[in-house]
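The analysis underlying the following values was restricted to heavy atoms, covering all of them including side chains, and did not include hydrogens, waters or symmetry mates.
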Amino acid sequence: MAHLENLVLCRESQVSTLQSLFGERHHFSFPSIFIYGHTASGKTYVTQTLLKTLELPHVFVNCVECFTLRLLLEQILNKLNHLSSSEDACPTHITCETFNDFVRLFKQVTKAESLKDQTVYIVLDKAEYLRDMEANLLPGFLRLQELTDRNVTVILLSEIVWEKFRPNTGCFEPFVLYFPDYSIGNLQKILSHDHPPEYSADFYAAYINILLGVFYTVCRDLKELRHLAVLNFPKYCEPVVKGEASERDTRKLWRNVEPHLKKAMQTVYLREISSSQWEKIQKDDTDPGQLKGLSAYTHVELPYYSKFILIAAYLASYNPARTDKRFFLKHHGKIKKTNFLKKHEKCLRCWVSDLQRPHGAPCSAECFLSCRRTFLPTAFLELPLITSLVTLQLLTLVGHDDQLDGPKYKCTVSLDFIRAIARTVNFDIIKYLYDFL
């Protein structure tokens, strides 16, 4: 028990409840247990740690990986078969098509001596995906102990409440256990427990206190906070390593790590760059947005035609109307700045004309742009794509909805964002921006 308390922090009441439900090995446990809570609240970790520490026979299955009924049932049976067979024996692969076959095969597998007279636990992580499978699957798992007449307990782990699971026809009610979110004190204790051995616990605890002071208002995910703590700790202790400050000089340590924490705020949850790339940013002291395609707002997966609409909208929003002829007409007369496009490069008009509609009508740049520095959709454009861009807050409506000439939109994205989008379609947008001529 003392070893278990060191492994599982700030979840004493939940561990105690689960131990009471499990009881002794030969006792019949509760038929089904439903554990729910927000992401990174310790549901999976506590359950796995408890079963492994107590050395209870169990099978852990992720419902995201087993996305069909057959994959799910076969995964459970084959893992149980591996538990029941000896180390030297090579268990045969079990195939299972329906839940009726699963009940029959489950009885055969659990006849083994190694699984007799003890409770077998089946843990189904991401259990909300069971709702998309056959209607009899969830009620069957909840009553598996009754159907098989075996000492088995099914544990369901989910991020949504039990009321979202309960079928209209009714089912056996599981024991419901809630895992609340970690408080800031809990996060401080858990993260401080991971301190490197070469530094004192108080020094790392002070760093975690600074980290939570910056990120706790926007991020309470333990996994993400742990990731941020590992990435930014080298910069925090850099003055100590160089001999420029002591471990107690928190003011100087804070001044050194503060700009790097501000940069990390831009990529919370997104993980658009790897740890090695982030370390390069910290080493070179560069802006993450300057790296190609790397920023919290410079990489978004958009449909193919939406990218063209967004690029054209950006040009219409930020280029003066008087420059339309220069960019979008082949014979625009005399211009002052010559050779701003190389001969072998396509102008935007030719580039947009390469897009062919399903009926063969070519697009033109004039269809995308209006002379009022706003983006004017025509009947040619796909309105659902524009609506999606507005929903994503990449375009915003200007003026009123009841305008006779139709609604107008303005592009609201940054230059780094549109450059990243343009790179995905091999278009150098800088050559078509008036400010860069």
Student: Assign the ring pair W162 / F165 to parallel, tilted or perpendicular, where the plane angle (0 to 90°) is split at 30° and 60°.
Tutor: parallel
Student: Calculate, to the nearest 0.5 Å, the distance between atoms CZ and NZ belonging to F427 and K307 respectively.
Tutor: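 So the CZ of F427 and the NZ of K307 are separated by 14.5 Å.
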Student: Taking the side chain as C-beta and beyond, is there a heavy-atom pair between V59 and V61 under 4.5 Å?
Tutor: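 Yes. Closest side-chain heavy atoms under 4.5 Å.
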Student: Look at the rings of F233 and F203 and say which category their plane angle falls in: under 30° parallel, 30 to 60° tilted, over 60° perpendicular.
Tutor: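 Ring orientation, 0 to 90° scale: perpendicular.
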Student: Please give me the minimum heavy-atom distance between D194 and R226, naming the atom from each residue.
Tutor: OD2-NE, 3.0 Å
Student: Are the side chain of S16 and the backbone of E12 linked by a donor-acceptor contact shorter than 3.5 Å?
Tutor: no
Student: Would you say I155 and I122 make side-chain contact, with heavy atoms under 4.5 Å?
Tutor: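 Of all side-chain heavy-atom pairs linking I122 with I155, none is under 4.5 Å.
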Student: Got Y199 and C237 here, is their nearest side-chain heavy-atom distance under 4.5 Å?
Tutor: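 Yes, at least one pair of side-chain atoms sits under 4.5 Å.
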Student: Please identify each residue that fulfils salt bridge (charged side-chain N to carboxylate O under 4.0 Å, His left out) with K164, with sequence neighbours left out.
Tutor: none
Student: Which heavy-atom pair separates A205 from Q188 by the least distance, and what is that distance?
Tutor: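 Heavy-atom minimum between the residues: O-NE2, 3.0 Å.
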Student: Do you know which of K126, H38, K43 makes side-chain hydrogen bond (donor to acceptor under 3.5 Å, both in side chains) with E159?
Tutor: K126
Student: If you measure from CG on L138 to CG on D132, what distance do you get to the nearest 0.5 Å?
Tutor: 11.5 Å
Student: Report yes if the distance between the aromatic ring centroids of Y207 and Y236 is under 6.0 Å, otherwise no.
Tutor: yes
Student: Please report the shortest heavy-atom distance between L302 and S306, naming the atom on each side.
Tutor: CB-CB, 4.4 Å
Student: Are the side chains of L212 and I208 in contact, using a 4.5 Å heavy-atom criterion?
Tutor: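 Yes, close enough: below the 4.5 Å cut-off.
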Student: Enter the distance from I309:CD1 to L385:CG here, rounded to the nearest 0.5 Å.
Tutor: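 It is 4.5 Å, given to the nearest 0.5 Å.
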Student: Is the shortest heavy-atom distance from the side chain of C96 to the side chain of R70 under 4.5 Å?
Tutor: no
Student: Before giving the answer on side-chain contact (heavy atoms from CB on, under 4.5 Å), spell out for C63 and L130 the whole-Å C-alpha distance, their side-chain angles and the decisive distance to 0.1 Å.
Tutor: CA-CA 7 Å; C63 295; L130 296 177; 4.0 Å; yes
Student: Please evaluate residues Y432 and I311 with respect to the criterion side-chain contact (heavy atoms from CB on, under 4.5 Å), reporting the C-alpha separation (whole Å), side-chain torsions for both, the decisive distance (0.1 Å), and the verdict.
Tutor: CA-CA 10 Å; Y432 298 91; I311 292 171; over 6 Å; no
Student: Under 6.0 Å from the OH atom of Y216, do we count more than 12 heavy atoms belonging to anything else shown?
Tutor: yes
Student: Would you say the side chains of T95 and E74 form a donor-acceptor pair under 3.5 Å?
Tutor: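 Their side chains do not contain a donor-acceptor pair, so the 3.5 Å distance test is not met.
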Student: Below 4.5 Å, heavy atoms only, C-beta onward: do L261 and E258 meet side chain to side chain?
Tutor: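 No. Closest side-chain heavy atoms not under 4.5 Å.
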Student: Should we count CZ of F30 as having more than 12 external heavy atoms under 6.0 Å?
Tutor: yes
Student: Using a 4.5 Å cut-off on heavy atoms from C-beta on, say whether the side chain of Y409 contacts that of V390.
Tutor: yes
Student: Just verifying a value: how many Å separate R423 CZ and I429 CD1, rounded to the nearest 0.5 Å?
Tutor: 11.0 Å
Student: G37 and S41: which non-hydrogen atoms are nearest, and at how many Å?
Tutor: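 For G37 and S41, the tightest heavy-atom pair comes out as C-OG, 3.8 Å.
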Student: Taking R419 for the side chain and D416 for the main chain, is one N or O donor matched with an acceptor at less than 3.5 Å?
Tutor: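 No; judged by distance alone, with no hydrogens or angles, the pair does not exist.
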Student: Going by salt bridge (Lys or Arg N to Asp or Glu O under 4.0 Å), name the pairs with one or both residues in residues 167-176, residues two or more places apart or in two chains.
Tutor: R166-E173
Student: Quick check, are the ring centers of F141 and F172 under 6.0 angstrom apart?
Tutor: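 So the answer is no for these two rings.
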Student: Are F60 and Y121 close enough that their ring centers fall under 6.0 Å?
Tutor: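 Not close enough - the centres of the two rings lie 6.0 Å or further apart.
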Student: For a 4.5 angstrom cut-off between non-hydrogen side-chain atoms, does L191 reach L222?
Tutor: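 L191 reaches L222 side chain to side chain.
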Student: Please test L54 against L50 for side-chain contact (heavy atoms from CB on, under 4.5 Å), starting from the C-alpha separation and ending with a verdict.
Tutor: CA-CA 6 Å; L54 300 178; L50 187 61; 3.8 Å; yes
Student: Between L395 and L310, which heavy-atom pair has the shortest distance, and what is it?
Tutor: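 Closest approach of L395 to L310, heavy atoms only: CD2-CD1, 4.0 Å.
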Student: Can you name the side chain to side chain donor-acceptor pair (under 3.5 Å) partners of T98, sequence neighbours left out?
Tutor: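 With sequence neighbours excluded, T98 shows a side chain to side chain donor-acceptor pair (under 3.5 Å) to D101, given in chain and number order.
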Student: Does NZ or CZ of K410 fall inside the cone over Y318's six-membered ring, less than 6.0 Å from its centre and within 45° of the axis?
Tutor: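 Relative to the ring axis of Y318, which defines the angle, K410 lies inside both limits.
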Student: Answer yes or no: are there more than 12 heavy-atom neighbours, outside E55 itself, under 6.0 Å from its atom CD?
Tutor: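 No, CD of E55 has 12 or fewer neighbouring heavy atoms, counting only those of other groups under 6.0 Å.
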Student: Side chain to side chain donor-acceptor pair (under 3.5 Å), that's the test. Do S183 and N186 meet it? Break it down for me.
Tutor: CA-CA 5 Å; S183 65; N186 297 147; 3.0 Å; yes
Student: With rounding to the nearest 0.5 angstrom, report the CD1 to CZ distance, I33 to F22.
Tutor: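 Rounded to the nearest 0.5 Å, the CD1-CZ separation comes out at 5.0 Å.
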Student: Closest heavy-atom contact between H260 and N232?
Tutor: O-OD1, 3.8 Å
Student: Would you confirm whether N319, through its side chain, and L433, through its main-chain N or O, come within 3.5 Å as a donor-acceptor pair?
Tutor: no
Student: Closer than 3.5 angstrom, by distance alone: can the side chain of N81 be matched with the main-chain N or O of N78 as a donor-acceptor pair?
Tutor: no
Student: Could you grab the distance from atom CG of L156 to atom CD1 of I35, nearest 0.5 Å is fine?
Tutor: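 The CD1 atom of I35 is 9.0 Å from CG of L156, to the nearest 0.5 Å.
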Student: Salt bridge check, E238 against K235: does any charged N sit closer than 4.0 Å to a carboxylate O?
Tutor: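 Counted as a salt bridge, because a side-chain N and a carboxylate O are separated by less than 4.0 Å.
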Student: Backbone N or O of I421 within a donor-acceptor pair of the T424 side chain at under 3.5 Å?
Tutor: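 Yes; judged by distance alone, with no hydrogens or angles, the pair exists.
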Student: Assign the ring pair Y36 / Y178 to parallel, tilted or perpendicular, where the plane angle (0 to 90°) is split at 30° and 60°.
Tutor: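 Rings of Y36 and Y178: tilted, 30 to 60°.
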Student: Hey, is the main chain of R220 close enough, under 3.5 Å, to the side chain of D181 for a donor-acceptor pair?
Tutor: no
Student: Please indicate whether Q393 has more than 12 foreign heavy atoms, meaning atoms of other residues, nucleotides or ligands, lying under 6.0 Å from its CD.
Tutor: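 Counting other residues, nucleotides and ligands, CD of Q393 stays at 12 neighbours or fewer.
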Student: One pair to check against side-chain contact (heavy atoms from CB on, under 4.5 Å): T153 and V120. What are the steps and the verdict?
Tutor: CA-CA 6 Å; T153 295; V120 176; over 6 Å; no
